[in-house]
Amino acid sequence: MTGDSEDPNDDVQYHIEVGEGDVADAVLLPGNPERIEKITQFWDSADEMASHREYRTVTGDYEGAPISVTSTGIGSPSAAIAVEELARIGADTFIRVGSCGAIQPEMDVGDLVISTGGVRQEGTSDAYVREDYPAVADYEVVSALVAAAERLGYDYHTGVTMSADSFYAGQGRPGFEGFEAAGSDELVENLKEANVKNIEMEASAIMTLANIYGLRAGAVCSVFANRETGEFLTEGENRAAETASLAVKLLAQMDEVKAEAGVERWHPGLSLD
C-alpha cells in the first residue's frame, strides 16, 4: 500500500470527513443535505462538523441530549458508507429521517411511518449478509419513535418498509419513454397485499448493518405520496425531524434508566418521567 492511498480507517473518515469526538452516540440520517436545517431548527444548539460530497454532519444538543445528523444522499450504498464511518468514530444509534411513498389506502400524505423492519429490495445489504437475513429495527428505537410521535400528537403508522435501489423501475414506476421493468406492474400490489406500509431507498440497509454490528437503528419517514390514492405533496418533513430528535432524547433517558436498574435492554417494566 502506498503512502498516499485512500485508507477508510484513518482517524478522520474518508467520505464523511469527521473523526472521534465530532459526533454524538445517536445520529439522524436524512438523505438530502438540505434537510439538515429542517432537523436542527428543533435543537438548542447546532455546529457544523464537516461537509463533503453528499455527507454533511452537524452536532448539537436537543433538550439536554447530545445529538448529531449526517446526510447520506440518495440510496443504500451511500447510506451504508455513512453508517460504516460513523460507527468507526463511536456512533451506536442511527435513525433514518426521510420521505417515502405509502402503499396502504388509509395512510395520508403528511403522516409518519415508523419502520419495524424492512424488505431488502436494495442490493447493498446483500454485499454484507445472505439474502434471507432480516432487516429489523431495534425495538428501543421503535419504542422511542412511537413515544415521540404520541407526545407530539402526530399521526403515524408502524410496520414493514420496502427499500428499493431505484426510484423509477425499482418502485414500479415507468422509466424513460415508458419503459417498464419485468414485474413492475405487480410490484406495488404484491407489497400492499403483504401489508408492507411504504417504499423508500435506505432503511433496510441501515437496519441490516446495525444488526450485524450490534448497533441500534430505526427509521421514521414522512409520507410524500400515496401510491394507492395518487395523492402527492411534500408534507410532513418537520414532523419526522421533530419526532426523530425527541426520540433521541427519549433513548438517552431510557439508557439512563437501564443503567440505574442494572439491565442491558429496555422493557415495559421500566418507566420514564
Side-chain angles (χ1 to χ4, degrees), residues 24-29 39 42-43 61-69 83 87 90-98 100 102 104 106-108 111-120 133-163 194-198 200 202-223 236 239-273:
D25 292 344
V27 184
L28 307 186
L29 301 175
I39 292 173
F42 298 105
W43 298 5
D61 174 274
Y62 177 84
E63 295 187 6
I67 188 171
S68 293
V69 56
V83 172
D92 61 20
T93 300
F94 303 94
I95 302 178
R96 164 155 161 70
V97 186
C100 67
Q104 298 297 335
E106 72 276 8
M107 303 169 70
D108 295 325
D111 286 358
L112 301 178
V113 183
I114 297 169
S115 302
T116 57
V119 179
R120 292 170 50 206
Y133 184 94
V136 181
D138 183 89
Y139 77 88
E140 292 182 346
V141 176
V142 173
S143 297
L145 287 168
V146 168
E150 289 278 357
R151 290 190 183 189
L152 295 169
Y154 295 148
D155 292 331
Y156 68 92
H157 310 265
T158 61
V160 175
T161 294
M162 189 274 262
S163 298
N195 200 30
V196 173
K197 301 297 183 184
N198 62 322
E200 52 79 77
E202 293 86 14
S204 69
I206 292 169
M207 293 186 290
T208 298
L209 266 64
N211 277 302
I212 290 172
Y213 295 143
L215 307 173
R216 298 189 296 197
V220 56
C221 291
S222 54
V223 174
R239 297 172 200 162
E242 188 176 14
T243 299
S245 298
L246 178 54
V248 167
K249 175 191 174 183
L250 296 177
L251 283 165
Q253 291 178 324
M254 291 161 70
D255 291 342
E256 291 177 2
V257 173
K258 287 188 299 183
E260 292 172 359
V263 299
E264 294 185 359
R265 297 293 284 174
W266 177 263
H267 60 79
L270 302 175
S271 61
L272 297 177
D273 294 333

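As a basis for the values below, the full set of heavy atoms in this structure was taken, side chains included, without hydrogen atoms, waters or symmetry mates. Counting begins at 1 with the first residue of the sequence.
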Item to complete: Nearest 0.5 Å please: distance from the CG atom of Leu28 over to the OG atom of Ser68.
Response: 8.5 Å
Worksheet item: Which pair of non-hydrogen atoms, one from Ser245 and one from Trp43, has the smallest distance, and what is that distance?
Response: OG-NE1, 3.1 Å
Fill in: Heavy-atom side-chain proximity of Arg239 to Leu152 below 4.5 angstrom
no
Worksheet entry | Any residue meeting side-chain hydrogen bond (donor to acceptor under 3.5 Å, both in side chains) with Tyr213, in chain and number order, not counting sequence neighbours | Glu84
Response to the item:
Nearest heavy-atom contact between Thr243 and Ala149 is CG2-N, 3.8 Å
Fill in: Shortest non-hydrogen contact between Thr208 and Ala135, atoms and distance
OG1-CB, 3.3 Å
Worksheet entry | From Val27, Ile67, Val141, Val69, residue fulfilling side-chain contact (heavy atoms from CB on, under 4.5 Å) relative to Ile95 | Val141
Worksheet item: Does a side-chain heavy-atom distance below 4.5 Å link Leu29 with Val83?
Response: yes
Worksheet item: Going by heavy atoms in the side chains, are Val257 and Leu272 under 4.5 Å from each other?
Response: yes
Item to complete: Determine whether the side chains of Ser143 and Trp266 contain a donor N or O and an acceptor N or O closer than 3.5 Å.
Response: no
Practice prompt. Answer whether the closest heavy-atom distance between the side chains of His157 and Leu112 falls below 4.5 Å.
Written response: no
Practice prompt. Looking only at non-hydrogen atoms, find the nearest pair between Gly98 and Ala240 and report the distance.
Written response: O-CB, 4.5 Å
Worksheet item: Do Leu270 and Met254 come close enough that some side-chain heavy atom pair is under 4.5 Å?
Response: no
Worksheet entry | Under 3.5 Å: donor-acceptor pair, side chain of Arg120, backbone of Tyr133 | yes
Worksheet item: side chain to side chain contact (heavy atoms under 4.5 Å, CB included) with Ala87: which residues, sequence neighbours excluded?
Response: Phe94, Leu215
Worksheet entry | Residue list, side-chain hydrogen bond (donor to acceptor under 3.5 Å, both in side chains) with Ser163, at least two apart or on another chain | Glu200, Ser204
Worksheet item: How would you list, by chain and number, every residue that makes a side-chain hydrogen bond (donor to acceptor under 3.5 Å, both in side chains) with Thr93, sequence neighbours excluded?
Response: Arg216
Worksheet item: Is there a donor-acceptor pair closer than 3.5 Å between any side-chain N or O of Tyr139 and the backbone N or O of Thr116?
Response: no
Item to complete: Under the side chain to side chain contact (heavy atoms under 4.5 Å, CB included) rule, what do Val220 and Val113 come out as? Steps first, then yes or no, please.
Response: CA-CA 6 Å; Val220 56; Val113 183; over 6 Å; no
Worksheet item: Quick one: are Ser115 and Val160 in side-chain contact, heavy atoms under 4.5 Å?
Response: no
Item to complete: Quick one: list whatever passes side chain to side chain contact (heavy atoms under 4.5 Å, CB included) with Asp155, sequence neighbours left out.
Response: Asp111
Worksheet item: Do other residues, nucleotides or ligands put more than 12 heavy atoms under 6.0 Å from the CD atom of Glu264?
Response: no
Worksheet item: Got a second to check how far Asn198's CG is from Met162's CE, nearest 0.5 Å?
Response: 10.0 Å
Worksheet item: So which heavy atom on Ala144 is nearest to which on Leu250, and how close?
Response: O-CD1, 3.6 Å
Worksheet item: Partners of Ala65 by side chain to side chain contact (heavy atoms under 4.5 Å, CB included), sequence neighbours excluded?
Response: Lys249, Ala252
Discussion item. Rounded to the nearest 0.5 Å, what separates atom CD in Glu106 from atom CG in Asp108?
Written reply: 9.0 Å
Item to complete: Report the residues that fulfil side chain to side chain contact (heavy atoms under 4.5 Å, CB included) with Val146, sequence neighbours left out, ordered by chain and then residue number.
Response: Ile114, Val142, Glu150, Tyr156, Thr158
Worksheet item: Can you name the residues that form a side-chain hydrogen bond (donor to acceptor under 3.5 Å, both in side chains) with Gln104, not counting sequence neighbours?
Response: none
Practice prompt. Tell me, please, which residues at least two apart from Asp138 pass salt bridge (Lys or Arg N to Asp or Glu O under 4.0 Å).
Written response: Arg265
Discussion item. Name the residue from Glu140, Gln253, His267 that meets the side chain to side chain donor-acceptor pair (under 3.5 Å) definition with Lys258.
Written reply: Glu140
Response to the item:
So SG of Cys100 and CE of Met107: to nearest 0.5 Å the spacing works out to 6.0 Å
Worksheet item: If every non-hydrogen atom of Val248 is compared with every non-hydrogen atom of Ala26, which pair is closest and at what distance?
Response: CG1-CB, 3.8 Å
